[in-house]
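In the text below, chain A, chain B and the rest are named by the order of the sequence lines, each starting its count at 1.
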Amino acid sequence: MMGIFDILLVGTLLWIAFGSLNENKLFKSVVMFIIFGLFMAIAWIRLGSPDVALAEAAIGAGATGALMLDAVGHLRSRATPYPTGHESRESDDG
Amino acid sequence: MTLALEILATVIMLTVALGIYRIERGPTGTDRMLSAMLFGTSGVALTLVLGELTGLHGLRDMALVFALLGALTAVAFVKRAWGADD
Amino acid sequence: MPWQTVIDVITYALFAASGFFFLAGSVGLVRFPDVYTRLHALTKSDNLGLGLASTGLALQSGSWIVAAKLLLIWMIVIVAGATACYLVANSARNSGIEPWTGGDR
Amino acid sequence: MSETPTTITPRERLRRLPGRAVGMLLVWFVVTEADIPSLVIGVPIALAAATLSVALQPRSLSGVYLPGAIRFARFFAVNSVLGGIDVAFRALGPRMRLAPAIVHYPLRISGSFPRVFFANTISMLPGTLSSRLTDDTVEVHVLDCTRPVIEDLAKVEERVADLFGAQLSPHEGGGVL
């Protein structure tokens, strides 16, 4: 039975990993990354290292996930007034 | 009892795989975030079940961390990244 | 019937119900038409699934303090889930996402 | 129980400290699964947490009325199970029976904490989800507007008021948007 569980876990992990890399939508990648952290933590439990799993859940999914959500929000608020990104250089430096 | 726990873990894993469809489809960032919140709850259940299955009782502390992280991510999303996917 | 058998049967029933509710939550997330209805599926179904699973685990553990800890974890998930759910629903309302009201499905 | 929430005096804060400390210690005891040696760290941490929580509390919280709390716990347990069953069958049924609507419900309970508590309780009960909390109304998203939603919400509100030991005036108003 755990064989089926492990195959599902590995399949899901690979799917999420590809989803978080192979995508031009930034926000989707971030959500995929957070979920990747959660499932990597489950995988660490299955591999028998609960300490690594705890660190992965807290740092990988939690702290990094929140930072990345913050970054996406900042990118968006930057991007709105300057649609092309070329004219903005002078005003950013000055 | 071991078999029942294993079946429950597999079923929860299956529901999670089902939920990833919602991230793929979207359509808005909020819908994607909902799946992340779903996996917070499923992650707690999965951790508790695996903890009982492997006899690693320290995993209950990890379930607590999962429970708190779900709320943290939701707050970060609502405060900071709202509408980033439109 | 010995006492342990009774507890085991109750636990099996709780686990079966828990799996059912987790499944229903995910199916709801996939099938429901808009953000608000999906939030309904998410908060209620999944928290109930977790509650049933942790009740079953508490019965199996046979120790009061472990049962209390599982209850504490469940309560934290409920409070965090309800708050997160309100925040998301409120932001969706404020940013003008209209609720789906029947029709094309 | 109808007075507006006021700022809290230092003396009142001090009066709440012992209860808070006992609560924190209990949580520590449960989380460490009754590990007695860990209390060396647990007691100072619990005291510090209680002091911090009392010091940072912005307003006076409404006290909890114990018999009401027990009634509320029973009500909540039964109804959250019903809520899960309700939404599960809606999701799994071949034709999803959905008739969503936004309902405005005028609040009767006073105090900010009871109101937030009420809004969060709504989200866990069958077919309702609070989506906005303003000064004196709460906006609720309902899954099925053919049910007597306002009456259900009034019942829930009475339970929450009972939890905080308050009495409510009879209910009037509110409706589907």
Side-chain angles (χ1 to χ4, degrees), chain B residues 1 3-5 7-23 25 27-31 33-49 51-53 57 60-75 77-79 82-83 86, chain C residues 7-8 11-12 14-16 18-32 34-35 38-39 41-43 45-47 49-54 56-58 60-61 66 69-70 72-92 94-95 97:
Chain B
M1 192 45 67
L3 185 67
L5 285 167
I7 291 175
L8 181 59
T10 312
V11 167
I12 296 174
M13 200 64 217
L14 203 69
T15 67
V16 163
L18 208 68
I20 295 177
Y21 171 82
R22 184 46 68 196
I23 311 183
R25 272 293 298 279
T28 65
T30 320
D31 295 301
M33 207 56 218
L34 288 187
S35 316
M37 282 160 65
L38 167 80
F39 299 155
T41 319
S42 311
V44 173
L46 213 46
T47 315
L48 289 175
V49 170
E52 184 72 22
L53 207 51
H57 294 302
R60 288 194 204 105
D61 299 326
M62 191 178 149
L64 245 129
V65 171
F66 262 110
L68 296 174
L69 283 183
L72 184 78
T73 339
V75 171
F77 169 64
V78 167
K79 293 292 279 185
W82 186 263
D86 298 335
Chain C
I7 287 189
D8 279 359
T11 312
Y12 288 135
L14 286 170
F15 282 175
S18 160
F20 169 78
F21 283 113
F22 269 113
L23 203 63
S26 279
V27 170
L29 190 69
V30 170
R31 282 185 78 196
F32 278 169
D34 73 345
V35 175
R38 283 175 202 143
L39 266 175
L42 199 78
T43 48
S45 213
D46 274 25
N47 284 329
L50 177 63
L52 292 169
S54 53
L57 291 173
Q60 282 300 311
S61 74
V66 171
K69 187 168 180 182
L70 289 168
L72 181 74
I73 292 174
W74 185 40
M75 274 164 64
I76 289 175
V77 171
I78 282 187
V79 172
T83 312
C85 165
Y86 172 77
L87 283 176
V88 170
N90 190 33
S91 300
N94 286 341
S95 69
I97 299 177

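- Both the backbone and the side chain of C/S91 come within less than 4.5 Å of a heavy atom of chain B.
- Within the 4.5 Å cutoff, the side chain of B/L5 has no heavy atoms near those of the C/Q60 side chain.
- Looking only at heavy-atom pairs under 4.5 Å with chain B, the residue among C/L57, C/L23, C/V27 that has the most is C/L57.
- Proximity to chain B (any heavy atom under 4.5 Å) is shown, for C/S45, by neither the backbone nor the side chain.
- Contact between C/A84 and B/M37 at its shortest, heavy atoms only, is CB-CE, 3.9 Å.
- Across C/T83, C/D46, C/V77, the residue that shares the most heavy-atom pairs under 4.5 angstrom with chain B is C/D46.
- The contact between B/S35 and chain C is made by backbone and side chain atoms together, counting heavy-atom distances below 4.5 Å.
- At a 4.5 Å heavy-atom cutoff, the contact between C/L70 and chain B is made by side-chain atoms alone.
- Taking CZ of B/F77 as the reference point, atom CG of C/L87 lies at 11.0 Å (rounded to 0.5 Å).
- The shortest distance between side-chain heavy atoms of B/R60 and C/V66 falls below 4.5 Å.
- Residue C/A80 comes nearest to B/A67 through the heavy atom pair CB-O, 4.1 Å, listed as atom of the first residue, atom of the second, then distance.
- Within residues 7-14 of chain B, the residues that have a heavy atom under 4.5 Å from a heavy atom of chain C are B/L8, B/V11, B/I12, listed by number.
- If you measure heavy-atom distances from C/V79 to chain B, you find no contacts under 4.5 Å at all.
- Heavy-atom pairs under 4.5 Å with chain B were tallied for C/N47, C/N90, C/I73; the largest tally goes to C/I73.
- Residue B/L68 holds its CG atom at 5.5 Å from CD1 of C/I76, rounded to the nearest 0.5 Å.
- Using a 4.5 Å cut-off between heavy atoms, C/F22 touches chain B through backbone and side chain atoms alike.
- Taking all atoms of both residues into account, the shortest heavy-atom contact from C/L29 to B/R22 is O-NE, 3.0 Å.
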Under 3.5 Å, which donor-acceptor pairs link side chains of residues 40-49 of chain B to any protein atom two or more places apart or in another chain?
residue: B/S42; atom: OG; partner: B/L38; partner atom: O; Å: 3.1
residue: B/T47; atom: OG1; partner: B/G43; partner atom: O; Å: 2.4

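- Two residues are said to be in side-chain contact when any heavy atoms from C-beta on lie closer than 4.5 Å; C/K69 and B/L64 meet this criterion.
- Taking chain C as the reference chain and counting heavy-atom pairs below 4.5 Å, the highest number among B/V75, B/L34, B/L72, B/T73 is found for B/L34.
- Within the 4.5 angstrom heavy-atom criterion, only side-chain atoms of C/L42, from C-beta onward, approach chain B.
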